[in-house]
**Q** 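First the structure, which I've put down as structure tokens, then a few questions once you've had a look.
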Amino acid sequence: MTTIDASLFDDLQKRGLIAQTTGGDVLADYLASGSRTLYSGFDPTADSLHIGHLVPLLALKRFQQAGHKPIALVGGATGLVGDPSFKAAERKLNTPDIVAGWTDKLKAQVSRFIDFDSGENAAEVVNNLDWVGDMNVLDFLRDVGKHFSVNNMINKESVKQRIDREGAGISFTEFTYMLLQSYDFAELYKRHNCTLQIGGSDQWGNITGGIDLARRMYSGETYGMTLPLVTKSDGTKFGKTESGTVWLDPAKTSPYAFYQFWLATADADVYKFLRYFTFLPLADIAAIEEEDKAAQGRPQAQSVLAREMTALIHGEQGLQAAERITEALFSGSLDQLDESDLEQLKLDGLPSSELARDQLGDKTLTQWLVDAEMAASGKQVKDALGRGAVTINGAAISFEENLDAAACFAAERAKFGRFYVAKLGKKKYHLFQVG
RNA sequence: GCAGGGGUUCCCGAGUGGCCAAAGGGAUCAGACUGUAAAUCUGACGCGCAAGCUUCGGUGGUUCGAAUCCACCCCCCUGCACCA
């Protein structure tokens, strides 16, 4: 018999991870009194999850650690339709083979976070295409559609802006999304006795839809719970950097970049994020906050957060790689790096590229740096050059040297005959290997 | 379909014949200060090292000269009408 950690609900609440629940106190008791099966869905809208998905994904893990059985649903079917919830405009459909490929990737990704070998409450990964894929239209309309009131659906907050706003509109396809997701819940209730669905707060409408459907189709008593949308104190969108979305796939966002993202968290957000994203006990987080407050200067919270998250997503090895690069670039001196260190930085995910020595003269330095994606335009590099903000292997490059890229990458400046660490501004690094 | 309004550089938004690569704000980038923060201040912000080149929904025209004027086309919004 699995032991239930009855303090789960309280812990979630204190972490700020509960936005809304159905049933109020009943849910807390329900969770404390037995091992329950719950699910959360992830639609394949890209070939990787990003950090925005982390809150529900890690919530599944929290539930499992407390003795409940998590099901991660990958929306092979719903991903073909597109969720209109709180979206300003109709989205374009992806082809079935693309969505199928993404579904496979997400399945693999999601699987790393939950435990499949823990006996009674072992996790499962399911794909709703398995039960929706072969359903025919008439069955769907008669068995599922009949339970939904269009009047009700129109009044949902999540589609309101699409219905109310002139010129926006919503296709029947997207309008139907809610029925599909509701059907998932009903189906999981029937198949796995799944009685709780969790999701982002934008999923409230879809979750309550599923609760209603499970009751109507199977007289099932089910619950719903939403997690807060992650917001930042400065009002900008969480999870975006200047170079775009922060992905969980190391091939799309390197562990180093991932680590740096968390390290850059604003003071005003960092303790909240520690509660949201890490598994550190609340008491430990409070202690960190206390210490930071008492100490002058740089808080430790950001590096704790960065370490925890990088280890969680990319493992110890990923964390070490990220720390090696960070250490080399921001604390140590480049001179301390030996040849294998530089090779390692490349493998660790420091942005790098190879240049041919005899072609260096073909372009200006600004152009080479733009090609390496260190800056958006030559103008920016030029600006930085004028302020002495561009260095190669530690030596500042002057404005005049711009035209002579070959001199900037002169052989005598190289480390070990071929490596050049270019730095633009305070944080942008790029490793050039000239051969 | 008819009538009216509108499409400007990443976003918002000025600009109605030359002084416009185009006000102002936001975002972004760099510098100072700092903690690889925040706030603040400074600079940059179509592309180009530069000469110069390319922009204001599209095409063609008027003009020495057009984001600005004309014609046609495309798209969006508002109202009205139509819906066998």
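Note on naming: letters A, B, ... go to the chains in the order of the sequence lines (proteins, then strands), and numbering restarts at 1 for each one.
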**Q** When the P atoms of B/A51 and B/A21 are compared, how many Å lie between them, rounded to an integer?
**A** 14 Å

**Q** Determine whether the aromatic ring centres of residues A/Tyr429 and A/Tyr256 are separated by less than 6.0 angstrom.
**A** no

**Q** Which whole number of Å gives the distance between the C1' atom of B/C10 and that of B/G18?
**A** 29 Å

**Q** Does the structure show a Watson-Crick or G-U wobble partner for B/A3, both distances under 3.5 Å? Name it, or say none.
**A** B/U78

**Q** State whether the distance check finds a donor on one side and an acceptor on the other, under 3.5 Å, for side chain A/Lys426 versus base B/U34.
**A** yes

**Q** What's the gap between B/A23 and B/G46 when it is taken at their P atoms, as a whole Å value?
**A** 9 Å

**Q** Can you tell me how far P of B/A30 sits from NZ of A/Lys427, to the nearest Å?
**A** 8 Å

**Q** Considering only the P atoms, how many Å lie between B/C45 and B/C29, rounded to the nearest integer?
**A** 16 Å

**Q** Return the residues of residues 265-275 of chain A meeting this criterion: a heavy atom under 4.0 Å from some atom of RNA chain B. Order them by number, or give none.
**A** A/Asp267

**Q** Cation-pi between A/Arg62 and A/Phe279: NZ/CZ under 6.0 Å from ring centre and within 45° of the ring axis?
**A** yes

**Q** Any base atoms under 4.0 Å from A/Glu400, or only sugar-phosphate, or nothing? Heavy atoms, all strands.
**A** nothing

**Q** Rounded to whole Å, how long is the line connecting atom CG of A/Leu263 with atom P of B/A38?
**A** 12 Å

**Q** Return the value, rounded to whole Å, for the distance between atom CG of A/Leu424 and atom P of B/U36.
**A** 18 Å

**Q** Sticking with atom C1', work out how far B/C19 lies from B/G25, rounded to a whole angstrom.
**A** 24 Å

**Q** Suppose we define a pair by two distances each less than 3.5 Å, Watson-Crick or G-U wobble; what does B/A50 pair with here?
**A** none

**Q** Does the A/Asp292 side chain pair with the main chain of A/Gln300, one donor and one acceptor, at a distance under 3.5 Å?
**A** yes

**Q** If we call it a pair only when both distances are under 3.5 Å in a Watson-Crick or G-U wobble match, what pairs with B/C72?
**A** B/G58

**Q** Consider the side chain of A/Arg298, meaning its heavy atoms from C-beta on, and name the nucleotide among B/U36, B/C33, B/A30 that approaches it most closely.
**A** B/U36

**Q** Taking 4.0 angstrom as the limit, do A/Lys379 and A/Asp383 come out as a salt bridge?
**A** no

**Q** Check the distance between B/G31's C1' and A/Lys428's NZ and give it to me in whole angstrom.
**A** 13 Å

**Q** NZ of A/Lys232 versus P of B/A37: gap in Å, rounded?
**A** 14 Å

**Q** Suppose you measure atom P in B/G17 against the same atom in B/C77; what distance do you get, rounded to whole Å?
**A** 30 Å

**Q** Which nucleotide, in any strand shown, forms a Watson-Crick or G-U wobble pair with B/A84, with both distances under 3.5 Å?
**A** none

**Q** How is A/Leu385 classified with respect to the nucleic acid when contacts are heavy atoms under 4.0 Å: base, sugar-phosphate, or nothing?
**A** nothing

**Q** Using a 4.0 Å cut-off on protein heavy atoms (strictly under), produce a 5'-to-3' string for nucleotides 39-53 of chain B with B for base contact, S for backbone-only sugar-phosphate contact, and - for none.
**A** ---BB---BBBS---

**Q** If you check the A/Pro299 side chain, which of B/G35, B/G31, B/A30 turns out closest?
**A** B/G35

**Q** Does the side chain of A/Asp43 pick up a donor-acceptor pair with the side chain of A/Trp102 at under 3.5 Å?
**A** no

**Q** What distance do A/Leu179 atom CG and A/Thr78 atom OG1 have between them, rounded to the nearest 0.5 Å?
**A** 12.5 Å

**Q** Can you confirm if the aromatic rings of A/Trp262 and A/Phe277 lie within a centre distance of less than 6.0 Å?
**A** yes

**Q** Whole angstroms only, please: what is the CG-P distance between A/Leu369 and B/A30?
**A** 13 Å

**Q** Round to the nearest Å and state the distance from A/Gln300 atom CD to B/U36 atom P.
**A** 15 Å

**Q** Taking atom C1' in both B/U55 and B/A22, what distance in whole Å separates the two?
**A** 10 Å

**Q** May I ask which nucleotide in the shown strands pairs with B/A22, Watson-Crick or G-U wobble, both distances under 3.5 Å?
**A** none

**Q** Rounding to the closest angstrom, what is the interatomic distance between B/G48 and B/U36 at atom C1'?
**A** 32 Å

**Q** In this structure, is the centre-to-centre distance between the rings of A/Phe409 and A/Phe432 below 6.0 Å?
**A** yes

**Q** As a test of understanding, state which of A/Leu73, A/Val126, A/Ile198 forms a side-chain contact (heavy atoms from CB on, under 4.5 Å) with A/Tyr39.
**A** A/Leu73

**Q** Between the base of B/U36 and the side chain of A/Gln260, is there a donor and acceptor pair under 3.5 angstrom?
**A** yes

**Q** Is it true that A/Arg324 and A/Asp348 have a side-chain N and a carboxylate O under 4.0 angstrom from each other?
**A** yes

**Q** Whether A/Arg418 and A/Glu339 form a salt bridge (side-chain N of Lys/Arg under 4.0 Å from carboxylate O of Asp/Glu) is what I want to check.
**A** yes

**Q** I'd like to know if A/Glu343 pairs up with A/Lys415 as an ion pair, taking the criterion as any Lys NZ or Arg NE/NH1/NH2 lying under 4.0 Å from an Asp or Glu carboxylate oxygen.
**A** no

**Q** Could you let me know what B/A44 is paired to, Watson-Crick or G-U wobble, both distances under 3.5 Å, or none if it's on its own?
**A** B/U28

**Q** With both distances kept under 3.5 Å, what pairs with B/C33, Watson-Crick or G-U wobble?
**A** none

